[in-house]
Amino acid sequence: MLRYIAIRTVWIFIVLVSFLSILFITIRLVPEYPPTEEDAKAIYYARQVNDGYMTSYVEDDPAVVASIIDNTYERCSGCAYLQNGDIFRVYVPVPIIQQYTAWLTNIVTEWDWGVSTRISVNTPVYDIFKSRLPVTIRINFLSLLVFMPVGFILGIIAALKKNKLTDNVISLGVMIFISVPNFVVMLFMVMIFGYSLGWLPTQFPAPDVTGMVRYTSLVLPVLGLSFGAIAGLTRLTRAELTEVLTSDFLLLARTKGLTRKQAVIRHALRNSMVPLVPSIIFAFVTLLSGSVIIERIYSIPGMGRVYLDALTPQNFDYNLILALSAFYTFISLFAVLLVDMSYGIVDPRIRMGARK
Amino acid sequence: MADKEKFDNLGPENFEFVQRDEKIYDKRFETKPIGYFKDAMIRFRKNRTNVVATMILLFLILMGIFVPIVTTKNYEELEIQLQNLPPRVPILENLGFMDGTQHLTEQTADINAYDPELGLYYPQGYNPDLIVEGSLENNEIFCTDNNETCVGGQVVVGLSKDHSSLTFSRDGIITFDETQNPQITVEIFEIISDDPNAVLNVNILYNFGSSTATLGEITEAGTYTYDLFEIIDEPSPLYGQISFELLASQQSNTSVSFTNVQVTDDSAESPLVDDTGLAIRAYKLGVANTGTIKRSQGIMVQTSFDYKIYEEVFGDKHVPVFSANDFDQIMIDNADVCTLPEDMDNIIGWEFEEGCPIVRVNGRTEPTEGPDGNFYFSYDLVLDYAIYRGYEEIPYFFFGTNGGGKDFFALVWLGLRTSLFIGLIVALINISIGIVYGAIEGYYGGTVDLLMERFGEIVGRIPFLVWLGLFVIWLGPGLLTLVVLLTVTGWLGVASTTRTQFYRYKGREYVLASRTMGAKDSRLIFRHILPNGIGTIITASVLMIPGVIFAESTISYLGFGIGHGQAFKLFGLFELSGVSIGVLLADGRTALVQRPYLTAFPALIISILMITFNMFGNALRDAFNPSLRGSE
């Protein structure tokens with residue numbers, strides 16, 4: 001088992017590093033948009049040199065300087081020429097592979113993911129990440145706490161009352177919430193509970209507010225995230241439990257003299273858990289991506305929102321995109337490992353990585 | 001139920017032998033055989049809910065196709081005059097619901113338009129005749145605005161912290177006549193100061209500001225009246241100016257709230273000078289400017305009412321500058337209803353008949369010579385806006401109009417069409433890629449399968465957000481990004497279904513038979529294995545379309561997909577508009593409070609579409625593969 005986990009972990013890092021390498025190189029090949037103001041430009045290019053993406057030298061040959069000024073000089077592509085009195089400071093990009101090694105070295109040796117160039121200029125990307133993570137994680141965990149019990153209970157009820165009115169009502173609800181995009185649900189909820197009825201805040205308050213708003217403002221985003229997940233879990237629980245309820249060993253349990261309650265709780269529920277645990281882990285990853293749009297609608301200063309802001313066209317914040325992409329990819333890959341391991345824990349019959 | 005009871009008690013008399021005397025094995029079937037598709041159709045029809053869902057889905061699709069074609073209303077050009085009209089639906093409007101009235105709140109009241117019967121003020125800038133009867137309400141709010149609508153309240157004069165005195169005076173010279181017994185009244189609401197010795201001097205400036213006399217010193221709130229000629233000994237009449245001086249020690253917080261400053265005398269009933277809130281606010285601070293003057297607790301009347309906005313927009317409209325070319329064009333287009341005067345010099349003041357887009361001509365500018373030598377002039381006229389826009393009567397915009405004055409009803413269906421189109425095209429691409437990929441995996445198996453599976457797994461494990469980032473950076477927002485994003489992971493599901501089907505069928509005897517007869521791989525794949533699995537693959541793929549629409553609306557909502565003003569030619573055949581449901585929802589987000597219908601209608605339509613599409617897909621799958629019923 002340990003060996004299996006080790007191999008999988010190494011595999012995760014291989015995939016992560018290779019994907020990030022591809023991402024880094026492709027992003028670096030896209031034209032950058034340096035700031036337009038002179039001061040900011042100087043800082044920006046100094047940063048690039050510091051991070052190892054460019055080299056700079058001073059051009060003080062009067063003939064060359066004159067030719068740069070009257071635009072007869074043949075500029076190299078991707079280079080920047082900043083005038084400083086009679087001299088020019090020239091910034092030349094280094095080859096992409098060297099940029100890549102510089103980037104990787106910074107991360108591995110100093111855990112330095114670079115600084116933000118747009119969202120919050122010159123703030124280390126890791127600091128932005130740290131400040132944005134808690135609110136996203138809080139909302140996601142709360143959603144997890146809401147959707148798991150609700151989804152389970154609804155699924156169990158639907159399975160036990162199969163093809164009765166309760167089941168039909170639940171199934172209809174499941175159909176609706178699985179179909180309707182979560183941002184539409186969120187918009188409706190903000191319109192109804194936020195604006196029309198005025199029960200809940202219409203957007204997320206600033207981090208320093210105190211009082212009830214701190215808690216009431218969590219209700220809508222958590223619900224917005226949960227509905228889809230509840231529907232998914234209910235459907236899955238219902239399907240699994242229905243299958244187990246009709247199986248032979250449950251019939252055997254009843255014939256042994258167990259009550260229906262005992263049979264369901266001790267035999268059916270446990271057996272229907274096997275595919276549910278992995279689905280919950282995947283649901284958490286989905287929640288993390290799904291929260292992006294909720295954060296945008298509800299103005300939550302979370303990770304997803306900063307990711308979208310960093311993706312504003314013509315205004316990309318490359319370092320931030322890279323760091324957040326790394327995070328999302330890591331979480332997604334790590335979830336797969338967790339799922340694989342959970343199979344073995346939930347159902348001892350499944351031994352992951354065992355030889356034939 | 002009835003059928004069941006009928007068959008409950010069957011006796012021998014209910015049965016008869018059919019083939020006692022004759023052999024029937026070479027006879028034709030009297031009924032038609034039930035084939036695979038017919039069987040599926042029977043199963044499909046059995047589920048009433050799904051049939052209804054399918055009907056609704058079909059209706060939505062037909063609406064999406066035909067509404068943008070047959071609509072007479074404008075949904076393409078910007079028409080600012082018609083912007084933000086609320087929904088108006090023929091029958092519902094009689095129930096007071098979606099009747100095209102706009103509920104306006106917090107509109108500033110017009111102080112001069114008071115209705116004594118109702119006891120209410122009318123709002124500024126709205127036609128009182130078009131306010132729905134009985135809907136007008138007034139309410140008062142506190143204000144600090146420096147304009148006429150904000151009345152009463154106090155004026156707070158504050159002394160700067162690093163100064164010890166502040167003077168401020170009233171503009172305008174007042175004539176004080178001793179015989180009329182003039183009196184100056186100052187009402188002070190409160191004096192706040194850290195300094196107990198803070199004092200407000202009431203002064204009078206005269207002799208053109210060269211002399212000053214102090215009338216009194218005020219240290220606490222109250223109403224103070226000064227008899228001018230009792231206090232100062234100056235010849236009458238006196239031409240004076242009221243002025244105040246606030247004195248307090250430095251570094252103290254000192255402010256005085258004025259309620260009123262009045263000058264009365266016996267010559268008239270009403271006071272000579274009556275300065276409340278706003279007027280005091282206009283007092284001039286001294287040259288040194290060592291303090292501030294602010295309004296506080298003024299009262300403003302606001303109105304809320306239902307407004308017949310359609311009648312406003314489509315009523316007669318005064319257009320001061322109307323180009324002569326457009327005028328001539330209207331005359332040509334409506335030659336039968338619009339008659340011009342015999343002599344064109346009489347055009348000013350001319351009234352057209354009923355039915356002509358132009359009601360009246362108010363004036364005409366003198367022609368000026370343009371750079372090309374032609375003469376240009378314009379008309380000042382009144383338009384009948386409904387007829388001018390080509391409507392016989394005031395039109396019904398079922399879902400209202402958006403910020404650009406476009407018919408939102410047509411836009412929603414247009415958006416639906418675009419969404420469906422993209423869904424269909426992306427689904428086709430995904431199915432094609434998925435089938436080929438899955439077929440190769442499933443057919444060849446072994447190392448090929450393993451490697452391709454791992455590749456698919458890696459592609460599938462990269463979160464959607466990261467793909468989004470990558471393609472937005474590479475390609476920029478737009479249709480291409482949208483399609484690539486939807487395909488990059490979309491084919492995985494089809495590929496795995498196809499792979500399973502191939503594993504199931506590739507070992508069958510008929511495949512083996514074909515192989516022994518020398519059939520090539522491509523023949524085995526496409527002629528023998530694929531046709532057997534295609535039913536499962538296709539039905540599983542139908543469910544992909546709503547998924548794609550779902551993702552499309554999300555991406556477009558975030559602003560990374562298509563957008564307004566874009567139009568796309570796909571394969572040179574179809575033209576796609578840049579409007580999809582996601583785009584409309586993104587537009588509506590900015591006016592969620594004021595115009596919730598811009599969000600509600602597209603959200604409702606896409607919800608119904610998704611629900612019915614999923615039900616249809618499930619029903620189709622259940623019908624074709626009854627063994628899968630209930631799972632997922």
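Numbers restart at 1 for each chain; the letters A, B, ... are given by sequence-line order, proteins then strands.
- Looking at heavy atoms from C-beta onward, B/Val466 lies in side-chain contact with A/Phe19 at the 4.5 angstrom threshold.
- The parts of B/Ile473 that come within reach of chain A are both its backbone and its side chain, each placing non-hydrogen atoms under 4.5 angstrom from that chain.
- Interface check for chain B: of the options A/Ser179, A/Gly232, A/Ser171, the most heavy-atom pairs under 4.5 Å are formed by A/Ser179.
- Within the 4.5 angstrom heavy-atom criterion, no atom of A/Phe177 approaches chain B.
- Atom CH2 of A/Trp11 and atom CZ of B/Arg454 lie 7.0 Å apart (nearest 0.5 Å).
- The parts of B/Pro596 that come within reach of chain A are both its backbone and its side chain, each placing non-hydrogen atoms under 4.5 angstrom from that chain.
- Few gaps surround OH on A/Tyr195; more than 12 heavy atoms of other groups in view lie less than 6.0 Å from it.
- Using a 4.5 Å cut-off between heavy atoms, A/Ile321 contacts chain B through its side chain alone, with no backbone atom that close.
- Closest non-hydrogen pair, B/Gly469 versus A/Tyr307, comes out as CA-OH, 3.6 Å.
- Ranked by non-hydrogen atom pairs under 4.5 Å with chain B, the options A/Ile178, A/Val15, A/Ile293 are led by A/Ile293.
- One distance of note links OG1 of A/Thr26 with CH2 of B/Trp474; it measures 5.0 Å at 0.5 Å rounding.
- In plain terms, the two heavy atoms of A/Leu311 and B/Val472 that are nearest each other are O-CG1, 4.0 Å.
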Item to complete: Please report the C-alpha distance between B/Tyr557 and A/Val184 in whole Å, then the side-chain angles of each, then the deciding distance to 0.1 Å, and finally whether the side-chain contact (heavy atoms from CB on, under 4.5 Å) criterion is met.
Response: CA-CA 10 Å; B/Tyr557 181 79; A/Val184 173; over 6 Å; no
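- Of the two parts of A/Val185, neither the backbone nor the side chain holds a non-hydrogen atom closer than 4.5 Å to a non-hydrogen atom of chain B.
- The candidate with the highest count of non-hydrogen atom pairs below 4.5 Å against chain A, out of B/Phe560, B/Phe550, B/Phe464, is B/Phe550.
- Interface remark: of the candidates A/Ile297, A/Val190, A/Thr242, A/Thr312, A/Ile297 forms the most heavy-atom pairs closer than 4.5 Å to chain B.
- Atom CZ of A/Phe334 has 12 or fewer heavy atoms from other residues, nucleotides or ligands within 6.0 Å.
- In this structure a side-chain-to-backbone donor-acceptor pair under 3.5 Å is missing from A/Tyr328 to B/Leu465.
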Item to complete: Decide side-chain contact (heavy atoms from CB on, under 4.5 Å) for A/Val336 and B/Arg461; before the verdict, give the C-alpha distance in whole Å, the side-chain angles of both, and the deciding distance to 0.1 Å.
Response: CA-CA 8 Å; A/Val336 181; B/Arg461 285 292 158 241; 3.0 Å; yes
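- Among all heavy-atom pairs drawn from B/Met615 and A/Met175, the shortest one is N-CE, 3.4 Å.
- Looking at A/Thr329, its side chain never comes within 3.5 Å of a backbone N or O of B/Ile462 through a donor-acceptor pair.
- Of all residues in residues 600-613 of chain B, those placing a non-hydrogen atom less than 4.5 angstrom from a non-hydrogen atom of chain A are B/Ala600, B/Ala603, B/Leu604, B/Ile606, B/Ser607, B/Met610, B/Ile611.
- With respect to chain A, the highest number of heavy-atom pairs below 4.5 Å among B/Leu468, B/Leu585, B/Thr599, B/Leu558 belongs to B/Leu558.
- Looking only at heavy-atom pairs under 4.5 Å with chain B, the residue among A/Leu324, A/Leu16, A/Leu333, A/Leu23 that has the most is A/Leu23.
- The candidate with the highest count of non-hydrogen atom pairs below 4.5 Å against chain B, out of A/Ser332, A/Ala310, A/Pro181, is A/Pro181.
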